Amino acid sequence: MANIRELMTTYYKSGTERDWSTWLSLLDDKIIVDEQLAGHLEGIESMRTLSNNLVKHYSKFEIKPTYMIVEGDEVCTAWVIDAITDTGVPIHAVGANFCRFQDNKIVYMQNFHDTIPFASDTAYKKLRH
């Protein structure tokens, strides 16, 4: 098994760099995601849509891990997002992801974060569509 800490570091790095091929390669084809604002997502295609919409609706979207706890095949990461929407609205938010790995792929992810920074963000509301 690959080092989960390294896989998660690659997850955040590739997302920030918009290297969607690498980012998607870390996800299981049948991934289940419970995203606080985008809702319940299932399957790699839903995540491909999400990544395409991040590019479309954000001129900047950086997510940087600040603390990570790994236990077995599970990891919890605290992070900071700094983003700018396609309409120029800056966003700064803190939160955390919980992930479960199987065969070096993320099979489940759930996130928790402050929703206030996204309250006026119409871009985030478009991520699923």
Side-chain angles (χ1 to χ4, degrees):
M1 175 182 271
N3 182 306
I4 289 180
R5 183 175 302 277
E6 289 173 11
L7 292 171
M8 286 307 296
T9 299
T10 300
Y11 172 86
Y12 293 111
K13 183 176 186 275
S14 60
T16 293
E17 293 175 352
R18 298 180 178 218
D19 176 0
W20 301 119
S21 177
T22 299
W23 188 79
L24 288 165
S25 76
L26 299 166
L27 310 178
D28 187 80
D29 287 345
K30 296 179 181 179
I31 188 169
I32 296 173
V33 177
D34 290 309
E35 207 289 328
Q36 191 165 346
L37 296 177
H40 184 78
L41 306 167
E42 291 189 20
I44 195 74
E45 289 309 313
S46 67
M47 298 305 287
R48 190 178 319 282
T49 298
L50 185 109
S51 66
N52 289 338
N53 287 332
L54 279 170
V55 171
K56 184 176 177 183
H57 298 297
Y58 288 90
S59 62
K60 172 186 172 185
F61 195 92
E62 295 178 354
I63 183 167
K64 296 185 180 176
T66 58
Y67 190 77
M68 193 178 302
I69 298 171
V70 178
E71 186 171 316
D73 61 355
E74 298 177 337
V75 60
C76 187
T77 307
W79 47 253
V80 174
I81 287 176
D82 284 301
I84 300 174
T85 68
D86 57 349
T87 59
V89 177
I91 293 176
H92 177 82
V94 296
N97 285 355
F98 166 79
C99 296
R100 183 174 298 116
F101 280 78
Q102 184 177 342
D103 299 324
N104 296 325
K105 302 273 188 171
I106 300 170
V107 294
Y108 179 76
M109 179 183 292
Q110 185 174 27
N111 74 0
F112 309 90
H113 56 82
D114 184 2
T115 59
I116 298 299
F118 296 96
S120 64
D121 178 15
T122 58
Y124 206 89
K125 296 171 184 141
K126 300 173 192 172
L127 286 182
R128 293 186 70 179
H129 310 290

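Basis for what follows: all heavy atoms, side chains included, without hydrogens, waters or symmetry-related copies. None of these values were measured; they are calculated from a predicted model.
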Side chain of Asp103, backbone of Lys105: donor and acceptor closer than 3.5 Å? no
Indicate whether any N or O donor in one side chain lies under 3.5 Å from an N or O acceptor in the other, for Asp34 and Tyr108. yes
Please determine which of Arg100, Met8, Met47 meets the side-chain contact (heavy atoms from CB on, under 4.5 Å) test together with Ile106. Met8
Can you confirm whether more than 12 heavy atoms, excluding those of Lys13, are under 6.0 Å from its NZ atom? no
Quick check on Lys64: does its NZ atom have over 12 non-hydrogen neighbours (other residues, nucleotides or ligands) under 6.0 Å away? no
Verify same cluster id: Ile63, Trp23 (apolar side-chain graph, 4.5 Å): yes
Only counting residues at least two apart or in another chain, list the ones meeting side chain to side chain donor-acceptor pair (under 3.5 Å) with Asp82. His92
If we only count heavy atoms from C-beta on, is the His40 to Ile32 side-chain gap below 4.5 Å? yes
Determine whether Val107 and Leu41 fall in the same hydrophobic cluster, where Ile, Leu, Val, Met, Phe, Trp and Tyr are linked whenever their side-chain heavy atoms lie under 4.5 Å apart. no
Side-chain touch Lys56/Asp86, heavy atoms, less than 4.5 angstrom: no
Residue pair Thr77 / Pro65: nearest heavy atoms and the distance that separates them: CG2-CB, 3.6 Å
Is it the case that one hydrophobic cluster holds both Val33 and Leu50, taking links as side-chain heavy atoms less than 4.5 Å apart, direct or via other members? yes
Single-linkage hydrophobic cluster Leu7~Val75, side-chain heavy atoms < 4.5 angstrom: yes
Tell me the closest heavy-atom pair linking Tyr12 and Asn97, and the distance in Å. OH-ND2, 3.1 Å
Taking C-beta and beyond as the side chain, do Thr9 and Met68 meet within less than 4.5 Å on heavy atoms? yes
Determine yes or no for a side-chain-to-main-chain donor-acceptor pair under 3.5 angstrom, with Asp29 supplying the side chain and Ile44 the backbone. no
Trp20 side chain reached by Leu54 side chain, heavy atoms, under 4.5 Å: yes
In one Ile/Leu/Val/Met/Phe/Trp/Tyr side-chain cluster, 4.5 Å: Phe61, Leu37: yes
Locate the shortest heavy-atom distance separating His113 from Trp79; write the atom from each residue and the value. CB-CH2, 3.5 Å
How close do Gly72 and Ile4 get, heavy atom to heavy atom, and via which atoms? O-CD1, 3.2 Å
